[in-house]
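Structure first, commentary second.
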Amino acid sequence: MIETWINIVLNLLVALFVLAGTFFILSASIGVVRFPDVYTKLHAATKASTLGIAFILIGAFTYLYLEHSIVSGKLLLAIVFIMLTAPVGAHMMGRAAHTSGVKPYLKNRNDEYEHAVKVYKKKNQ
Amino acid sequence: MTNILTATDNILQITLMISFIGIALSLALLLYRVITGPTQPERAVALDAIGINLMGLAGLMSIYLVTTKLNDVILLIGILAFLSTLAIAKYLEKGVIIDRDVD
């Protein structure tokens with residue numbers, strides 16, 4: 001009796017998690033298509049994709065616990081791994097884009113990172 | 001009671017189908033950005049997002065097939081996507097991937 005109710009609630013919870021994750025991943029991809037600049041595209045692709053993949057993996061974790069009654073540590077490890085490595089990859093990609101000469105979209109704001117690089121190079125000469 | 005359980009199972013199956021279609025659409029949009037990206041770093045960013053979408057697709061497939069054998073696949077896709085992103089970033093920044101100067 002009570003186990004059937006728990007199964008019903010967990011099924012609905014898995015459906016909700018999977019739907020939320022799909023929404024965030026789809027909105028991240030729309031952001032990658034629509035934003036005007038490398039840096040804004042990086043902002044969309046990193047943060048929203050991380051949230052969406054966390055939702056989908058939590059849904060898979062809950063469903064595997066519901067069906068097989070196992071606690072899969074690998075899915076939690078994958079969530080932690082994505083949350084650790086997505087900012088590192090985004091930082092590397094942003095610095096590579098700036099070094100290879102991609103200008104920011106907003107022209108009226110000054111590029112503070114370029115100024116910092118100039119000061120650093122002048123100090124090291 | 002059993003009727004409600006089968007109804008929620010059907011809801012879960014329909015939700016999985018909707019999620020598969022959504023992630024396929026997202027992969028198509030990212031592939032458009034990879035092909036017609038104006039600069040090279042935008043293509044690299046879209047490739048990184050494609051790796052993350054593949055992780056989500058493997059997770060959805062593990063729900064759809066009710067199996068635990070895809071968990072290793074999810075971890076492995078994540079690690080390979082991170083390493084490839086780092087390699088592409090190093091190549092775009094300096095022209096070489098493995099170099100000796102420390103910064």
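By a heavy-atom distance cut of under 4.5 Å, A/Lys41, A/Leu42, A/Ala45 are the residues of residues 41-48 of chain A near chain B, going up by number. Proximity to chain B at a heavy-atom threshold of 4.5 Å picks out A/His68, A/Ile70, A/Ser72, A/Lys74, A/Leu75 from residues 68-75 of chain A, in numerical order.
If you measure heavy-atom distances from B/Ile14 to chain A, you find no contacts under 4.5 Å at all. With a 4.5 Å cut-off on non-hydrogen atoms, B/Thr85 touches chain A through its backbone and its side chain both. In this structure, chain A has heavy atoms under 4.5 Å from both the backbone and the side chain of B/Leu92. Only the backbone of B/Thr67 comes within less than 4.5 Å of a heavy atom in chain A; its side chain stays farther off. Interface remark: A/Ile53 contributes side-chain atoms only to the contact with chain B (heavy atom separation under 4.5 Å).
Between chain B and the residues A/Ile30, A/Leu19, A/Asn7, the most heavy-atom pairs under 4.5 angstrom are made by A/Leu19. Per-residue heavy-atom pair counts under 4.5 Å with chain B were compared for A/Leu77, A/Val88, A/Leu64, A/Thr50, and the maximum is reached by A/Leu64. Counting heavy-atom pairs closer than 4.5 Å to chain B, the top-ranked of the candidates A/Thr99, A/Leu26, A/Val33, A/Leu12 is A/Val33.
Partner of A/Met93 under the side-chain contact (heavy atoms from CB on, under 4.5 Å) criterion, chosen from B/Asp48, B/Leu86, B/Val45: B/Val45.
For the atom pair CG of B/Asn53 and OG of A/Ser49, the computed distance is 6.0 Å after rounding to the nearest 0.5 Å.
For the side chain to side chain donor-acceptor pair (under 3.5 Å) test, residues two or more places apart in sequence or in another chain that qualify with B/Ser19 are A/Thr22.
When all heavy atoms are compared, the tightest approach of A/Asp37 to B/Glu42 is C-OE2, 3.9 Å. The two residues B/Ala46 and A/Val32 come nearest to each other via the heavy atoms CB-CG1, 4.5 Å. Between A/Ala78 and B/Leu75, the shortest heavy-atom distance links the atoms CA-CD2, 3.9 Å.
The list of ring-ring contact (aromatic ring centres under 6.0 Å, His included) pairs with a residue in residues 20-53 of chain B, not counting sequence neighbours, reads B/Phe20-B/Tyr64.
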